[in-house]
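Notes follow the structure.
Just so you know, these numbers use all the heavy atoms, side chains as well, and skip hydrogens, waters and symmetry mates.
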Amino acid sequence: MRVPAKVNLQLAVGPRREDGFHDLVNVFHAVSLFDEVTVREAPPRQPNPSGAGESASSGADTGVSVTAADPPEASACAGLTAGGGLGSHLARVPLDGSNLAARAVALLAERTGRGSPVTVHLDKHIPVAGGMAGGSADAAAALLACDRLWGCDLPPRTLAGYAADLGSDVPFALMGATAVGMGRGEILRPLAAPGRLRWVFALSPHGLSTASVFGEYDRLRPDAPEPRLDPALATALAGGDPAALGAALTNDLQEAALSLLPELERTLKTGSGAGALGALVSGSGPTCAFLVGGVDEAEADGREAAVVAELEGSGLCEQVVSAYGDVPGATVL
């Protein structure tokens, strides 16, 4: 399975609800940074007394078998490994039953009563704890892969419901393209976005937990208003106008992310000063996103090159990557 990252073109966050969640207006945009998730039937289980609970090491495929020490609901996932070229990000990938991909396998097995144990391999290219929904993307891919492997053939609406039970961003990873998420982000409505956009992403050497960023948001904005879709952003998307879209990009969590990791403000200023049409922290951060134009826009080549060069020379980023959007959601390869 191949599954994309997301960037939030608008993230409007309401006050904290009694259940701990927040009402959102979340404009998701799927971009061409892909994880590949491979699910196979597991071979007969072998004891693994020493490896459980280890984390992935930088730059190599590493893994762990889920053992009896892991949560019992993880038993459908007999093994979880990860690899990819994400540097220090790879060490943040949990390789036990807490991983969203392992939880997706367990949830589908529980809900359908089908399936033999499987192994899951994550080839990671989406930043980890970076605000681009890499864990949610892996969960969506694992859910869809097991649905196919086990012959469940569930309708899309049912899979989307299971995805929402796993996390607010998981349903969008199944859908892809561009959509507005309501509720806590899981109620999706496609948005017209006819022009393909070019992006530059600055990957931070640090991670930010979603919970900590929302907690800081609650501290900074105890009187947050109810969220609303920005009509200027929707108009810019529908009209395929990159400059207008760049001016309309907003993220209510950005102030909280900058409060927790102040160096992100320098990253945003560096990319904006190099000519980006718009810049914002993606989701809960710390990845910073820079819109550099439309795919068919002649000036976008030079703008992208300038932004990449300035960010790479700044010493603020672990990696700088380019991508385009929108793209489809989880896809069978």
Can you sort out the partners of Thr38 under side chain to side chain donor-acceptor pair (under 3.5 Å), two or more places apart, ordered by chain and number?
none
Which atom pair, heavy atoms only, marks the closest approach of Ala76 to Ala106?
CB-CA, 4.1 Å
Check: Leu188 and Phe28 side chains under 4.5 Å, non-hydrogen atoms:
yes
I'd like to know if the side chain of Asn99 and the backbone of Pro94 have a donor-acceptor N/O pair within less than 3.5 Å.
yes
Hey, does Leu316 have a side-chain heavy atom less than 4.5 Å from the side chain of Thr270?
yes
Among all residues two or more places apart in sequence or in another chain, which pass the side chain to side chain donor-acceptor pair (under 3.5 Å) test with Ser314?
none
Steps toward side-chain contact (heavy atoms from CB on, under 4.5 Å) verdict (Thr119, Thr81):
CA-CA 8 Å; Thr119 61; Thr81 58; over 6 Å; no
Check the hydrophobic clustering (I, L, V, M, F, W, Y; side-chain heavy atoms under 4.5 Å; chains of links allowed) and say if Leu166 and Val39 are grouped together.
yes
Heavy-atom closest pair, residues Cys152 and Leu108
SG-CD2, 4.4 Å
Could you tell me whether the side chain of Lys6 and the main chain of Gly134 form a donor-acceptor pair under 3.5 Å?
no
Check whether NZ of the Lys or CZ of the Arg Arg16 lies under 6.0 Å from the centre of the six-membered ring of Phe214 and within 45 degrees of that ring's axis.
no
Evaluate the side-chain contact (heavy atoms from CB on, under 4.5 Å) criterion for residues Leu11 and Thr250: first the C-alpha distance (whole Å), next the side-chain angles of each, then the deciding distance (0.1 Å), finally the verdict.
CA-CA 6 Å; Leu11 181 50; Thr250 57; over 6 Å; no
Check whether Leu253 and Leu261 end up in the same hydrophobic cluster, where Ile, Leu, Val, Met, Phe, Trp and Tyr are linked by side-chain heavy atoms less than 4.5 Å apart.
yes
Are side-chain heavy atoms of Leu122 and Leu80 found at a separation under 4.5 Å?
yes
Are any non-hydrogen side-chain atoms of Tyr162 and Val170 less than 4.5 angstrom apart?
no
Can you confirm whether Asn251 sits close enough to Asn8 that some side-chain heavy atom of one is under 4.5 Å from a side-chain heavy atom of the other?
no
Between Leu144 and Arg148, does a side-chain contact (heavy atoms from CB on, under 4.5 Å) hold up when you go through it step by step?
CA-CA 6 Å; Leu144 186 57; Arg148 300 293 179 88; 4.2 Å; yes
CG (Leu333) and OG1 (Thr331) are apart, to the nearest 0.5 Å, by 7.0 Å
Do any N or O atoms from the side chain of Asn26 and from the backbone of Gly181 form a donor-acceptor pair under 3.5 angstrom?
no
Would a single hydrophobic cluster contain both Leu277 and Phe290, if residues Ile, Leu, Val, Met, Phe, Trp and Tyr are joined by side-chain heavy-atom contacts under 4.5 Å?
no
Close side-chain approach of Leu229 to Val27, heavy-atom, < 4.5 Å
yes
Can you see which heavy atom on Ala140 is nearest to which on Ala173, and at what distance?
CB-CB, 3.6 Å
With heavy-atom distances below 4.5 Å as the criterion, would you say the side chains of Phe34 and His125 are in contact?
no
Cationic N near anionic O, under 4.0 Å, Asp165 to Arg111
yes
Can you tell me if Asp326 uses its side chain to pair, donor with acceptor, with the backbone of Thr178 under 3.5 Å?
yes
With side chains defined as the heavy atoms from C-beta onward, is the minimum distance between Val105 and Trp150 less than 4.5 Å?
yes
If you count heavy atoms of other groups shown closer than 6.0 angstrom to CZ of Arg221, is the number above 12?
yes
Rounded to the nearest 0.5 Å, what's the gap from SG on Cys317 to CD on Glu310? Could you check?
11.0 Å
Distance-only polar pair, side chains of Ser204 and Glu318, donor-acceptor under 3.5 Å
no
Between the CG atom in Leu203 and the OG1 atom in Thr287, the distance rounded to the nearest 0.5 Å is 4.5 Å
From CA spacing to verdict: salt bridge (charged side-chain N to carboxylate O under 4.0 Å, His left out), Lys124, Asp138
CA-CA 9 Å; Lys124 296 289 297 176; Asp138 296 341; 2.9 Å; yes
Test of understanding: clusters of I, L, V, M, F, W, Y form through side-chain heavy atoms closer than 4.5 Å, transitively. Do Val13 and Leu264 belong to the same one?
yes
With the threshold set at 4.0 Å, does a side-chain nitrogen-carboxylate oxygen contact exist between Asp296 and Arg196?
no
side-chain contact (heavy atoms from CB on, under 4.5 Å), that's the test. Do Gln319 and Phe201 meet it? Break it down for me.
CA-CA 8 Å; Gln319 290 186 45; Phe201 296 99; over 6 Å; no
Listed by chain and number, what are the side chain to side chain donor-acceptor pair (under 3.5 Å) partners of Ser284, not counting sequence neighbours?
Thr210
So does Ser212 get a backbone contact from the side chain of Ser209, meaning a donor-acceptor N/O pair under 3.5 Å?
yes
What distance do Met1 atom CE and Leu143 atom CG have between them, rounded to the nearest 0.5 Å?
9.5 Å
I need the Glu263 CD to Leu268 CG distance, nearest 0.5 Å.
11.0 Å
What is the minimum heavy-atom distance between Asp19 and Phe21, and which atoms define it?
OD1-N, 2.9 Å
Using 4.0 Å as the upper bound for N to carboxylate O, is an ion pair formed by Asp301 and Arg198?
yes
Under the 3.5 angstrom rule, does the side chain of Thr158 hit a backbone N or O of Leu154 as a donor-acceptor pair?
no
Verify, without hydrogens or angle tests, whether Arg92 (side chain) and Val128 (backbone) share a donor-acceptor contact under 3.5 angstrom.
yes
Using a 3.5 Å distance criterion without hydrogens, assess whether the side chain of Gln254 forms a donor-acceptor pair with backbone atoms of Val281.
yes
Nearest heavy-atom neighbours spanning Pro227 and Ala12:
CB-O, 3.5 Å
Measure the CG-OG1 distance between Asp147 and Thr112 for me, rounded to the nearest 0.5 Å.
8.5 Å
Of the non-hydrogen atoms in Ala142 and Ala104, which two are nearest, and what is the gap between them?
CB-CB, 4.3 Å
Hydrophobic clustering (ILVMFWY, side-chain heavy atoms < 4.5 Å, transitive) - are Met182 and Leu233 grouped together?
yes
Can we say Arg303 and Glu297 salt-bridge, meaning some charged N sits less than 4.0 Å from an Asp/Glu carboxylate O?
yes
Do you see a donor-acceptor pair shorter than 3.5 Å between the side chains of Glu216 and Ser259?
yes
Kindly check if the number of other-residue, nucleotide or ligand heavy atoms within 6.0 Å of CZ (Arg17) is above 12?
yes
Spell out, as yes or no, whether a donor-acceptor pair under 3.5 Å connects the side chain of Gln10 to the backbone of Asp230.
yes
